[in-house]
Protein chains: 2
Amino acid sequence: MRQALDTIAPRPADRERQVTTVVDVARRAGVSAATVSRVLAGRNVVAAATRERVLEAVRALQFQPNAFAQGLRSGRGQAVALLVSDIEQTVYSALTKHVQAALEEIGLDLLLFNLGHRQDRLRGLLERATALRLRGIVIASNDVIPMRELKPLVSALQRQGVSILSIGQRLDRYGIPSVVHEETAAAARAAQYLLDTGRAPIAYLSRIRNSATGQERYRGYLAALKGAGIDVDPALVWDCSYRYAAGYEAMSRALDRRLAFRSLLAASDELALGAMAAALDRGLKVPDDVAIIGFGGIAWGEHVRPALTTLGADPKAIGEHVRDMFRNLLDGGDVPRQTVVKRPLLLRQSA
Amino acid sequence: MRQALDTIAPRPADRERQVTTVVDVARRAGVSAATVSRVLAGRNVVAAATRERVLEAVRALQFQPNAFAQGLRSGRGQAVALLVSDIEQTVYSALTKHVQAALEEIGLDLLLFNLGHRQDRLRGLLERATALRLRGIVIASNDVIPMRELKPLVSALQRQGVSILSIGQRLDRYGIPSVVHEETAAAARAAQYLLDTGRAPIAYLSRIRNSATGQERYRGYLAALKGAGIDVDPALVWDCSYRYAAGYEAMSRALDRRLAFRSLLAASDELALGAMAAALDRGLKVPDDVAIIGFGGIAWGEHVRPALTTLGADPKAIGEHVRDMFRNLLDGGDVPRQTVVKRPLLLRQSA
DNA sequence: GCGCAGCCTGCAAACGTTTTCTGATATCGT
DNA sequence: ACGATATCAGAAAACGTTTGCAGGCTGCGC
């Protein structure tokens with residue numbers, strides 16, 4: 001019995017597992033199960049006196065209706081799955097926080113799945129949705145999604161009444177309503193700001209190939225240059241990952257090659273900070289020698305010296321839109337194909 | 001009809017909502033529903049030929065068993081709730097990532113709830129657990145939990161067969177198996193390191209009052225000083241929040257008051273970085289004038305100059321322990337009251 | 001040739017709700 | 001005072017799965 005001291009066996013005997021049901025409540029209140037259900041559903045077809053007795057019994061027995069029975073009977077649960085690229089990145093954790101809060105407001109639970117940038121996991125996860133009788137699925141991913149092959153599955157789910165939403169990436173041409181941050185316009189605005197402050201030539205640093213948002217931001221950069229009548233210098237466009245180290249390395253290499261540029265637009269704050277560190281390490285002054293603008297508005301950028309100028313995010317607004325859309329969808333209403341959330345240009349010290 | 005162009009109405013007519021059930025599969029395979037169930041449950045009491053026919057039908061119809069029906073029948077679902085202080089903090093998002101992955105390995109879904117440091121939300125969330133027929137609840141919070149008043153509720157849940165685990169905070173004296181990082185010992189180790197390198201006096205910066213881990217870390221600091229025969233100087237113990245700004249402010253004030261100390265042990269990386277920034281702003285050299293050690297191992301600390309020496313975390317190990325414990329619990333086995341995960345002392349530049 | 005064991009499969013009940021249908025009582029108008 | 005109507009509450013079916021029980025069939029030993 002010594003082991004009992006440092007282990008815990010929380011599983012009780014099976015007979016103990018009794019949980020109060022609607023019939024227990026009914027018996028105590030002297031009514032039928034149907035009546036209890038009606039009271040709890042808030043139908044006002046129940047006489048006030050009866051309702052009181054029922055509510056009293058519910059309180060006394062601490063009755064909690066079995067969600068599985070409800071879900072089985074109604075054919076639908078109260079859960080929404082959130083599929084996220086990488087919860088560890090602050091963009092996604094901030095998003096998750098606000099989406100969770102917003103869904104909680106309308107009584108929905110959040111089932112979290114972390115894709116870990118593995119797009120092949122998507123199919124399996126979407127297939128689970130049917131079994132789980134989900135209310136909806138929210139996809140939050142910047143990675144390019146193989147919608148071509150996923151489309152039939154998505155349509156089948158939608159036919160089953162599962163509301164599918166995309167956050168951060170436009171998927172509306174596949175029939176998926178999307179809530180996105182401003183990307184192209186935001187990047188263009190940032191580039192324009194650099195042009196206006198006489199910072200041309202502007203280098204561009206981003207994950208472009210496999211990132212949907214990366215591509216959109218890149219278009220904004222191109223548009224701004226084109227608007228100013230400037231030709232894009234391919235040597236100043238650096239396609240890499242989104243990580244800090246990649247930014248550091250790209251900037252180092254550019255300086256080694258003595259490329260001529262007076263500013264940098266980076267498609268993520270991590271990249272921007274990495275690049276900034278490299279520039280500072282080589283004795284350059286930021287923003288005097290090279291101005292830098294990032295993307296995302298992470299906390300770290302606010303505290304670093306010089307503080308990072310960046311296109312911020314608004315996860316709260318996104319969460320609220322998601323909530324409103326679900327509210328609409330549950331009422332059988334329509335929902336906009338696309339909702340765009342503004343990105344504030346947070347002017348700090350680096351540009 | 002113009003509106004149809006930019007809105008989407010994904011809800012189909014109700015009659016369309018048909019989803020294949022076990023009877024559909026049974027009919028197609030020419031067997032009874034019971035047999036289908038047996039095949040899917042992996043019971044080998046079914047003849048090989050029959051099993052093949054059933055599996056063929058399952059594939060053809062893309063059958064997915066209704067999780068609600070299963071949950072209702074078996075009295076228990078496949079979901080675990082993760083209650084987190086603040087998913088936006090990297091500590092928690094890293095934890096969440098690994099816990100999710102670990103649970104997925106054993107076929108459990110993760111229901112995420114963000115406490116937002118509001119302990120009053122705990123009760124309501126725990127009450128929901130009964131309705132949701134959860135497999136388990138994982139509490140990941142540094143905040144002090146009012147276990148005194150929650151204990152009856154927790155016991156009731158455990159009696160219902162809900163496995164409750166705590167991450168990061170020892171709750172085993174309330175019958176909740178806990179997986180924790182080394183705190184007291186880690187703080188003592190860090191303080192000892194500072195002593196060994198001749199960095200006394202050591203200032204201590206933390207959220208102490210309302211943080212369970214804050215208290216444990218503080219005990220480590222005290223123990224190390226006591227071990228070295230040094231009296232604690234109350235003026236060098238600064239109790240504040242865990243945020244960057246608090247660290248900056250605390251250090252600024254200490255320098256204004258010309259307090260004498262040659263190093264700082266901070267109970268979070270954010271605090272440490274804030275304090276370091278304040279020191280650098282006043283022209284002090286880190287680590288020469290003041291050495292700094294943080295707690296947590298966040299990414300930012302690795303990139304800042306000087307790079308932050310810190311007690312790291314091991315969320316992966318924690319996730320794996322949680323997985324193993326659930327595996328055990330689902331088999332009706334015992335589980336250790338307490339599991340301690342080591343913190344590596346990541347020696348970088350700041351100390 | 002008969003009984004018996006063993007293998008496989010079907011029947012039906014059960015999980016806990018919600019909802020439709022129906023019936024009982026009270027209320028009202030004439 | 002009688003029938004019509006409104007109001008409330010119960011009985012029972014249904015949601016889709018799992019499982020105990022029973023039964024049919026095959027093969028075997030006697």
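Labels below follow one simple rule: chain letters A, B, ... track the order of the sequence lines, proteins then strands, and each chain is numbered from 1. Everything numeric here is computed off the predicted structure, so don't read it as measured data.
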Looking only at the side chain of [X] (C-beta and beyond, no hydrogens), which of the listed nucleotides [options] gets closest?
X: A/N66; options: C/dT9, C/dG16, D/dT17; result: C/dG16
X: B/R38; options: D/dC21, D/dA13, C/dA13; result: D/dC21
X: B/A34; options: C/dC11, C/dA14, C/dG16; result: C/dC11
X: A/V22; options: C/dC15, D/dA9, C/dT17; result: C/dT17
X: B/S37; options: D/dG10, D/dA13, D/dT18; result: D/dT18

How long is the line joining [atom1] of [X] and [atom2] of [N], in whole Å?
X: B/L132; N: C/dG16; atom1: CG; atom2: C1'; value: 15 Å
X: B/Q160; N: C/dC15; atom1: CD; atom2: P; value: 17 Å
X: B/R27; N: C/dG10; atom1: CZ; atom2: C1'; value: 16 Å
X: A/R73; N: C/dT20; atom1: CZ; atom2: P; value: 8 Å
X: A/L72; N: D/dA13; atom1: CG; atom2: P; value: 17 Å
X: A/R76; N: D/dG16; atom1: CZ; atom2: P; value: 11 Å

Any side-chain N or O of [X] under 4.0 Å from OP1/OP2 of [N]?
X: B/Q70; N: D/dT18; result: yes
X: B/T21; N: D/dG16; result: no
X: A/T35; N: D/dA9; result: no

field: Main-chain N/O of A/D109 paired to A/R135 side chain as donor or acceptor, under 3.5 Å
entry: no
- prompt: Would you say the side-chain atoms of A/Q119 pair up with the backbone N or O of A/P146, donor to acceptor, closer than 3.5 Å?
  reply: no
message: Using five base pairs at each end to define the local axes, how bent is the helix from C/dG1-D/dC30 to C/dT30-D/dA1, to the nearest 10°?
response: 60°
Who pairs with [X] by side chain to side chain contact (heavy atoms under 4.5 Å, CB included), at least two apart in sequence or on another chain?
X: A/A81; value: A/L83, A/L111, A/F113, A/L134
X: B/A101; value: none
X: B/N328; value: B/V335
X: B/T21; value: B/V23, B/D24

- request: Name every residue in residues 47-64 of chain B that has at least one heavy atom under 4.0 Å from any atom of DNA chain D, in order of residue number, or write none if there are no such residues.
  value: B/F63
statement: OG1 (B/T20) and CZ (B/R28) are apart, to the nearest 0.5 Å, by 11.0 Å
- prompt: Salt-bridged, B/E104 to A/R128, with N to O below 4.0 Å?
  reply: no
- prompt: Under 4.0 angstrom, heavy atoms only, what part of the nucleic acid is A/V31 near: base, sugar-phosphate, or nothing?
  reply: sugar-phosphate
- prompt: Within the structure shown, what part of the strands sits under 4.0 Å from A/R133 by heavy-atom distance: base, sugar-phosphate, or nothing?
  reply: nothing
query: Would a 4.5 Å heavy-atom cut-off, applied to side chains only, mark B/R323 and B/E320 as touching?
result: yes
- prompt: Would you say the side chain of B/I176 lies within less than 4.5 Å of the side chain of B/Q158, judging by non-hydrogen atoms?
  reply: yes
